[in-house]
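Have a look at the structure below, then the notes.
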Number of protein chains: 2
Amino acid sequence: MSMTHTPSRFNSTLTSQCQKCSLSALCLPIALADEDINKLDQIIERKKPLKKGEFLFRQGDTFNSVYAVRSGTLKTFNITSYGEEQITGFYCPSELVGLSGIDSNKYPVSAKALETTTVCEIPFSHLEDLSVQIPSLRHQLFKVMSRKISDDQQMMVLLGKKNADEKVASFLLNLSNRFKIRGYSASSFRLSMSRGEIGNYLGLAVETVSRVITRFQKSELIHVDGKEIEILNFSEMQKLVGVASDCGKIARI
Amino acid sequence: MSMTHTPSRFNSTLTSQCQKCSLSALCLPIALADEDINKLDQIIERKKPLKKGEFLFRQGDTFNSVYAVRSGTLKTFNITSYGEEQITGFYCPSELVGLSGIDSNKYPVSAKALETTTVCEIPFSHLEDLSVQIPSLRHQLFKVMSRKISDDQQMMVLLGKKNADEKVASFLLNLSNRFKIRGYSASSFRLSMSRGEIGNYLGLAVETVSRVITRFQKSELIHVDGKEIEILNFSEMQKLVGVASDCGKIARI
DNA sequence: AGTAATCATTGATCTAAATCAGCAGGCTAT
DNA sequence: ATAGCCTGCTGATTTAGATCAATGATTACT
């Protein structure tokens, strides 16, 4: 064991963690040269796992870092003036959480683990500095933020214009695609969030989510067993959400 | 008239347009040194005014530039799979349009003028280059994008959780604040969008918008004359939208 | 293992907002 | 001017989804 620093299971400077990480093709290192990945690697802190229900940060906390999910799932949410929680997003491995804190230097949302979750902490000031040295990293960062903006706008369309069936179908297909991109099955996966959380996110009552899911199962679009979901009929599901506008969206990385 | 380039009413290289622009304190030049403002100024193209109904860009167009609104108002919208328009935002002077195009190199929305509107075109590749030289510009750009993300998330809360009264009240107070920040009256302004466009944006039917506005007028919260709006009772309006969570949001630049 | 607590499902009822429909005031184009 | 067309307003009716209520099914706790 070295005396000068304490390499841990979560942070070794001998070899690049990012290079070994199976998510590097989806995460910030995308399109970076090996030596640049190493530079990025050195500013990243691997944190110890969060247990289900633990906070990564809270609404109002001072913003210092963005976080890349390594494993598990997070939700972000606001507390409204009536004290209810409003979920603004779910985050899968390789996705970046906390970007909304840059503007005001405080996180405008809280982030909480839906299951045991590990994240890479990326101090934003270091990331900004590094983005000056590495043009492709800078561009990637702009792309990630831009992507977030257009995804959120799609979400606004969903909330403003779609009915319950379309909302739930969009949600399931969106998750399916995110799993697919990460190399998991697109047709069979486990929901890490509760029906209540799905409803909260989609602007629906729990009961409505439950009824829609039951209805989808009866019409053999999906098969459900608790939190396990299997999508049986993709083309019908896609028809439901409106293939033309959404599928392109949903299919993009 | 020079032979080497053609200075126009909209683009003079002799003096910095940005420095003279009354919006510079709100727009990208915020916090820039004079010489840096000049550098920024030189990559910006002032475009000739758009007439009401003209497009700035269309969904699917190749992304090259972001645009700062100089005067007038724009709306951005998606065309859904059913061919309906879904408005995703309204843009006032000093606000940046087109950031959602960075990711895919195509604009995922269309942008259209609601009235005679002038914009500054900012080629994004130049802006990116310049952001390497000017740290405060780079940081400002990250901030603007971050701000957009958190504003859109507030909009998601509005669409998902609020009733018709709260939606319309939030909308009016949000506009009011944007006018106030720009040095116009916070209490008295003109809506550049139709009732139909407001409803579309808020996820409400035109009739509902009309009824809510009439109701607000009857309870003396506002006074309305066509597109002219006067807010008579700010505190009641703020109570309606839920002061705690939204007002801080709405009040920020 | 056993009990409490939370989560999910289903049915009955209610309601906010959509839809349908009719009309009036402004604008544009002839 | 005048016809035709949007835009906005209001009333009547309908409906999708919320709310209320009750009961299983999972999960968490000790």
Side-chain angles (χ1 to χ4, degrees), chain A residues 50-54 73 75 80 82 84-87 112-116 158-172 190-219 222-229 240, chain B residues 51-53 75 80 82 84-87 112 114-116 158-172 190-219 222-229 240:
Chain A
L50 293 167
K51 286 197 284 269
K52 178 174 177 174
E54 285 182 342
T73 324
K75 68 174 172 183
T80 71
Y82 305 111
E84 337 154 75
E85 162 176 328
Q86 165 66 43
I87 296 173
K112 200 176 198 176
L114 292 181
E115 56 192 319
T116 303
L158 179 143
L159 289 169
K161 285 271 174 302
K162 296 190 176 182
N163 64 29
D165 285 15
E166 293 167 337
K167 285 180 179 181
V168 175
S170 299
F171 178 73
L172 293 176
R190 189 184 150 77
L191 299 172
S192 48
M193 64 292 290
S194 70
R195 303 288 193 270
E197 287 166 329
I198 296 173
N200 182 301
Y201 180 60
L202 297 176
L204 296 173
V206 202
E207 294 94 328
T208 306
V209 174
S210 199
R211 277 184 253 266
V212 171
I213 288 180
T214 305
R215 190 142 22 87
F216 282 180
Q217 167 142 255
K218 280 188 181 143
S219 30
I222 61 178
H223 178 262
V224 191
D225 177 18
K227 305 219 172 216
E228 295 295 331
I229 293 276
L240 253 173
Chain B
K51 285 197 285 269
K52 178 176 177 170
K75 66 173 172 185
T80 72
Y82 305 111
E84 338 153 73
E85 162 176 327
Q86 166 66 43
I87 296 173
K112 200 175 197 176
L114 292 181
E115 56 192 319
T116 303
L158 179 145
L159 289 168
K161 284 271 173 305
K162 297 190 176 184
N163 64 28
D165 284 15
E166 292 167 338
K167 285 180 178 180
V168 175
S170 298
F171 178 73
L172 294 176
R190 190 186 146 77
L191 300 171
S192 48
M193 63 295 287
S194 70
R195 301 288 192 272
E197 287 166 328
I198 296 173
N200 182 299
Y201 179 60
L202 297 177
L204 296 173
V206 202
E207 295 92 328
T208 306
V209 175
S210 201
R211 276 185 255 267
V212 171
I213 288 180
T214 305
R215 190 143 21 87
F216 282 180
Q217 168 142 255
K218 279 186 184 147
S219 30
I222 61 177
H223 178 261
V224 191
D225 177 18
K227 304 218 171 217
E228 295 294 331
I229 294 276
L240 254 173

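Just so it is clear: chains get the letters A, B, ... in the order the sequence lines come, proteins before strands, and each one is counted from 1.
Looking at heavy-atom distances under 4.0 Å, B/A164 makes contact with sugar-phosphate atoms alone, never a base. When heavy atoms are screened at a 4.0 angstrom cut-off, A/G53 is found touching no nucleic acid atom at all. Across all strands, B/I213 comes closer than 4.0 Å to no nucleic acid atom at all (heavy-atom distances). Residue A/G203 is classed as a sugar-phosphate contact, given heavy-atom separations below 4.0 Å to backbone atoms only. At a threshold of 4.0 angstrom between heavy atoms, the contacts of B/G226 with the nucleic acid are absent.
The CD1 atom of A/I198 sits 9 Å away from the P atom of C/dT9 (whole-angstrom rounding). To the nearest angstrom, P of D/dC29 lies 9 Å from NZ of A/K52. The distance between atom CD of B/E228 and atom P of C/dG26, rounded to the nearest whole Å, is 14 Å. Between A/M193 atom CE and C/dC7 atom P there is a gap of 14 Å when expressed in whole angstrom units. The separation between A/F216 atom CZ and C/dT9 atom P is 13 Å, rounded to whole Å.
Between C/dA16 and B/T208, no contact under 4.0 Å exists linking OP1 or OP2 to a side-chain N or O. The side chain of A/S210 contributes no N or O atom lying less than 4.0 Å from OP1 or OP2 of C/dT10. Within the structure, every side-chain polar atom (N or O) of A/K167 is placed at least 4.0 Å from both OP1 and OP2 of D/dG17. Taking only side-chain nitrogens and oxygens, A/K227 never comes nearer than 4.0 Å to OP1 or OP2 of D/dT26.
Side-chain contact between A/K112 and A/E54 is absent, with no heavy-atom pair separated by less than 4.5 Å. Residues A/R215 and A/D165 form a side-chain contact, since some pair of their non-hydrogen atoms from C-beta on lies under 4.5 Å apart.
Between the CD1 atom in B/I222 and the CD1 atom in B/I229 there is a gap of 4.5 Å [rounded to 0.5 Å]. Rounding to the nearest 0.5 Å gives a distance of 11.0 Å between OG1 of A/T208 and CG of A/N163. We find the CD1-CD1 distance between B/I213 and B/I198 to be 5.0 Å, quoted to the nearest 0.5 Å.
A residue-by-residue look at A/L204 and B/R195 shows that B/R195 has its nearest nucleotide of DNA chain D further toward the 5' end. Between A/D225 and A/A205, it is A/A205 whose nearest contact on DNA chain D lies nearer the 5' terminus.
Counting non-hydrogen atoms of other residues, nucleotides and ligands closer than 6.0 Å to NZ of B/K227 gives a total above 12.
Fit an axis to the five pairs at each end of the helix from C/dA1-D/dT30 to C/dT30-D/dA1 and the two axes sit 60° apart, to the nearest 10 degrees.
The A/T214 side chain lies nearest to C/dT10 when the options are C/dT10, C/dT19, D/dG17.
Taking 4.0 Å as the cut-off between side-chain N and carboxylate O, A/K161 and B/E84 do not count as a salt-bridged pair. Salt bridge B/E115/B/R190: absent, no basic N to carboxylate O contact under 4.0 Å.
Judged by atom type and distance alone, A/E207 reaches the base of D/dC20 through a side-chain donor-acceptor pair under 3.5 Å. Judged by distance alone with a 3.5 Å cut-off, a donor-acceptor contact links the side chain of B/R211 to the base of D/dG11.
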